[in-house]
Amino acid sequence: MSIRVRFAPSPTGLLHVGNIRIAILNYIFAKKNSGKFVLRIDDTDTERSTKESEELILEDLRWLGIQWDEFYKQSNHFAKYAAAMDHLKKIGRVYACYETKEELSLKRKIQASQGVPPVYDRASLQLTDEQKKELEAKGIKPYWRFKLNQDDVVEWNDLVHGKISIPLNSISDPILIKPDGAYVYTFASVVDDVNIGITHIIRGDDHITNTAAQIDMFKTLSENIPQFAHVPLLSSLDGQDVSKRTGSPLSIVNMRKDGIEPSAIWNVLATLGTSNNANYHDSVEDLIEKFSFEKMSLSSPKFNIEDVKLLTKKIIADKSFDEVKSHFADLPLFTEDFWNAIKGNIESLSDVRYWYDIFFKDIAVVKEDATFVQQMLQVLPSPFDFTQWIAELKNISGRKGRELFHPIRMVITGIEKGPELGKIATLIGYDRLKNRIEANLKAN
RNA sequence: GUCCCCUUCGUCUAGUGGUCUAGGACAUCGCCCUCUCACGGCGGCAACAGGGAUUCGAAUUCCCUAGGGGACGCCA
C-alpha cells in the first residue's frame, strides 16, 4: 500500500511557521516513502474561511516549492459527509442533542467546581422521542454527537510519541453537526481521510485527544485506520505557542517579504526539534534523506527567526550570478562582478538594491583628511587600475594598512563596511570615482 | 479544576546504569587569514531544574517538588 499524507490548513488566516512546519514534515515523509502529498483545504467553517486566505496559502506553498499531488476542498464534499452521517445514524452511533451553548458551558463550570472531568453527560441521549418532538416543535434545532464507545481504551503507536492510550470515557462525545447543519472538522476530516485514503496523519500534538475520538470514528467507517505522528508544537522564544502569534513576522507572507530564503525555512523547520543539524548546504533532498521521526524529541522546540535569517545570509552568499540574475533584470548594472562583490555582505536579496545604490547612485559625503583626498584624485589612474592606484597612493601619502584604506572606503562609498575595496572601486569605475572624490573635496 | 506530555550548554540536541572530568551543531568569544565585513581554519566559554530513594556506581530507574506546554469549543 502506498503512502498518502495530507496537509489540511483551514483558510482562516495566514500560514505561519507552525503550519508550514507541519506541511514540510508531511511533504518530507511522503517523498521519503515515495508516497503522495495531498493538499486539502479544510473550509467547513464557512463563517471564517475566506478565498483570499486560501490563495495566500497556495502561494506560500508554491513559494516553498511544496507541490501537491492531489487537491481537495471540504466544501465540495458535503454529499460525502451526509452519506457518512446516514451510515452512523443507521448503526446508532450518533444522537441528537438539544442543549444550548450556554447550558453546556454551565455544565462544564459545575463539573470544574466539583473537580470532576469535564465530560458531556449524555443527557440528550436519555430524551424520549416525544421529548425531542416537543423541543423541535419549540423551534429548537438539534445538533448531533458521535457516541463514543466509552468502554474502549483507544491505543495507537504514535510515530513520534510511541504508545499512547486514552480511555474514551475521559472525553466528551464529539459534536459532528451543528444546529445549522454545518459539519464540524472532527467529523469531516475523518470522512475525508477515509475517502482520500490517507495512510499517515502527521499533525501537531495538540490533536492527541482528538485522535482518540477520531480513531473510534474511523473504526465505524473503514477497516483501515491511518497511522499517526503527533509532533510537538513549536513555541516562540518567549515560550508561547507560535500559532497564537499570527500576524507577526512569523507568518510566511511576512518572511517572504523580508527576503527570507525558502531553503532557510526548509532547513530550520525540517531539523528543529530533531537531532539533525540545520546546514545551509543541505538541499530539500538532503533533508528528506536525513529525516526520521525517531530523531524527533518530545518537548516543544523554540523557534527563533534569527536562525532563519542567519541561514538566509549564508545561502545567499553561496548563490551564483545565474541563480539570482532574474530577480534584478531591472538593474542595468547588475553584473556578475557586481554580484560576486556584494554577495557576502548581504542579509537578504532585498539588500542588493541597497548596495546597487551605493555603487552606482549618489552617496553621502563623509569628511576625510583633505590632503589625502587630494592625493587620491591626483593619482587616480585612467583607465582605472586599483592596484596601481593603491601603490601610488601609498607612495605619495606614506600611509598603509587601515590608515590608507579606511579613508578611501569612506570617500568612495560613504560607509564603514562593505565588500572588498578593490572590487568596489573597479565596479564604480573611473568617472564615478572622480566625481565622488571631487565632491568630497568640495564639501571640505 | 480534570486529564496528558515535557525539563541536558544561550538555542536545537546526543546520551536507554559504569565507555560522561557529559559529545555535536548553531550562536558567542579569542586567534589565524585579511584593506573592512563575511567565508574558511584553529581554539575557548558554556548544561544534566531541585530534593529524596534504589544501587558498589545514576544524566540514565523510582518518588516528591518546582517550572513549561497541550487538551478539555456548536474552532481547526
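In this text, all values refer to a predicted model and were calculated from it rather than measured experimentally. Reminder, nothing fancy here: chain letters follow the sequence lines and each chain counts from 1.
In this structure the side chain of F187(A) never reaches within 4.5 angstrom of the side chain of P174(A), judged on heavy atoms. Put simply, the side chain of Q375(A) reaches to within 4.5 Å of the side chain of S397(A), judged on heavy atoms.
Remark: R108(A) is in phosphate contact with G73(B), judged by side-chain N or O atoms under 4.0 Å from OP1 or OP2. A close approach under 4.0 Å does occur between a side-chain nitrogen or oxygen of K178(A) and OP1 or OP2 of C75(B). Between K314(A) and the phosphate of A27(B), there is a side-chain N or O to OP1/OP2 separation shorter than 4.0 Å. Distances shorter than 4.0 Å separate some side-chain N or O of T44(A) from OP1 or OP2 on A76(B).
Distance CD1 (I208(A)) to P (A71(B)): 11 Å, rounded to an integer number of Å. The interatomic distance linking E99(A) (CD) with C74(B) (C1') rounds to 11 Å, in whole Å. Taking atom NZ of K107(A) as the reference point, atom P of G1(B) lies 24 Å away to the nearest angstrom. The distance from atom CH2 of W156(A) to atom P of C5(B) is 11 Å, rounded to the nearest whole Å. Look at CG on L311(A): it is 18 Å from P on U11(B), rounded to the nearest Å. In this entry the distance linking CG of D307(A) with C1' of U28(B) reads 13 Å, nearest Å.
Remark: the D205(A) side chain and the G70(B) base include no donor-acceptor N/O pair separated by less than 3.5 Å. Side-chain atoms of N277(A) and base atoms of C26(B) include no donor and acceptor less than 3.5 Å apart.
The six-membered or imidazole ring of Y430(A) lies away from that of F384(A), with a centre-to-centre distance of 6.0 Å or more. Annotation: F7(A) is not in aromatic contact with Y27(A) [ring centroid separation under 6.0 Å not met].
Where stacking is scored as ring centres under 5.5 Å apart with planes under 30°, H207(A) registers as stacked on the base of A76(B).
Side chains of T211(A) and R203(A): a donor on one and an acceptor on the other come within 3.5 Å. Under the 3.5 Å distance criterion, with hydrogens and angles disregarded, no donor-acceptor pair is assigned to the side chains of S105(A) and E102(A). Residues Q74(A) and Y72(A) have side chains that never bring a donor and an acceptor to within less than 3.5 angstrom of each other. Under 3.5 Å, the side chains of Q214(A) and T186(A) contain no donor-acceptor pair of N or O atoms. Checking E392(A) against Q388(A) by side-chain atom types alone, a donor-acceptor pair falls below 3.5 Å. In the model, Y120(A) has a side-chain atom that pairs as donor or acceptor with a side-chain atom of E99(A) under 3.5 Å.
Using N1 to N3 plus N6-O4 or O6-N4 for Watson-Crick, or N1-O2 and O6-N3 for G-U wobble, each under 3.5 Å, A49(B) pairs with U65(B). The nucleotide G73(B) finds no pairing partner, because no Watson-Crick or G-U wobble arrangement with both distances shorter than 3.5 Å includes it. Here U11(B) sits opposite A25(B) as a Watson-Crick or G-U wobble pair (both hydrogen-bonding atom distances under 3.5 Å). Using Watson-Crick or G-U wobble geometry with both donor-acceptor distances under 3.5 Å, A38(B) finds no partner in any strand shown.
Among the heavy atoms of the strands, none lies under 4.0 Å from V119(A). Backbone-only engagement by Y280(A) is indicated by non-hydrogen atom pairs under 4.0 Å involving sugar-phosphate atoms exclusively. Using a 4.0 Å heavy-atom cutoff across all strands shown, H406(A) reaches no nucleic acid atom at all. At the heavy-atom level, T274(A) lies under 4.0 Å from the strands shown only through sugar-phosphate atoms. Looking at heavy-atom distances under 4.0 Å, L272(A) makes contact with sugar-phosphate atoms alone, never a base. Across all strands, P419(A) comes closer than 4.0 Å to base atoms (heavy-atom distances). The residue N210(A) sits close to a base: some heavy atom pair falls under 4.0 Å. Counting any heavy atom pair closer than 4.0 Å across all strands shown, L310(A) reaches sugar-phosphate atoms only and no base atom.
Among A76(B), C37(B), C74(B), the nucleotide with an atom closest to any side-chain atom of N345(A) is C37(B). The listed nucleotides are C75(B), G69(B), G40(B); the one nearest the side chain of K101(A) is C75(B). With U11(B), C35(B), C6(B) as the choices, the nucleotide that has an atom nearest any side-chain atom of K302(A) turns out to be U11(B).
No donor-acceptor pair closer than 3.5 Å links the side chain of N440(A) to the backbone N or O of R436(A). T199(A) places a side-chain N or O within donor-acceptor distance of the main-chain N or O of R4(A), the cut-off being under 3.5 Å. Side chain of N276(A) to backbone of K290(A): a donor-acceptor contact under 3.5 angstrom is found.
Near-neighbour residues of RNA chain B inside residues 109-118 of chain A, defined by a heavy atom below 4.0 Å, number-ordered: A112(A), G115(A), P117(A), P118(A). Listed by residue number, there are no residues of residues 142-155 of chain A with a heavy-atom contact under 4.0 Å to RNA chain B. Taking every heavy atom of residues 169-176 of chain A and every atom of RNA chain B, pairs under 4.0 Å involve I175(A), by number.
Enclosure of atom NZ in K32(A) by more than 12 non-hydrogen atoms of other residues, nucleotides or ligands within 6.0 angstrom is indicated.
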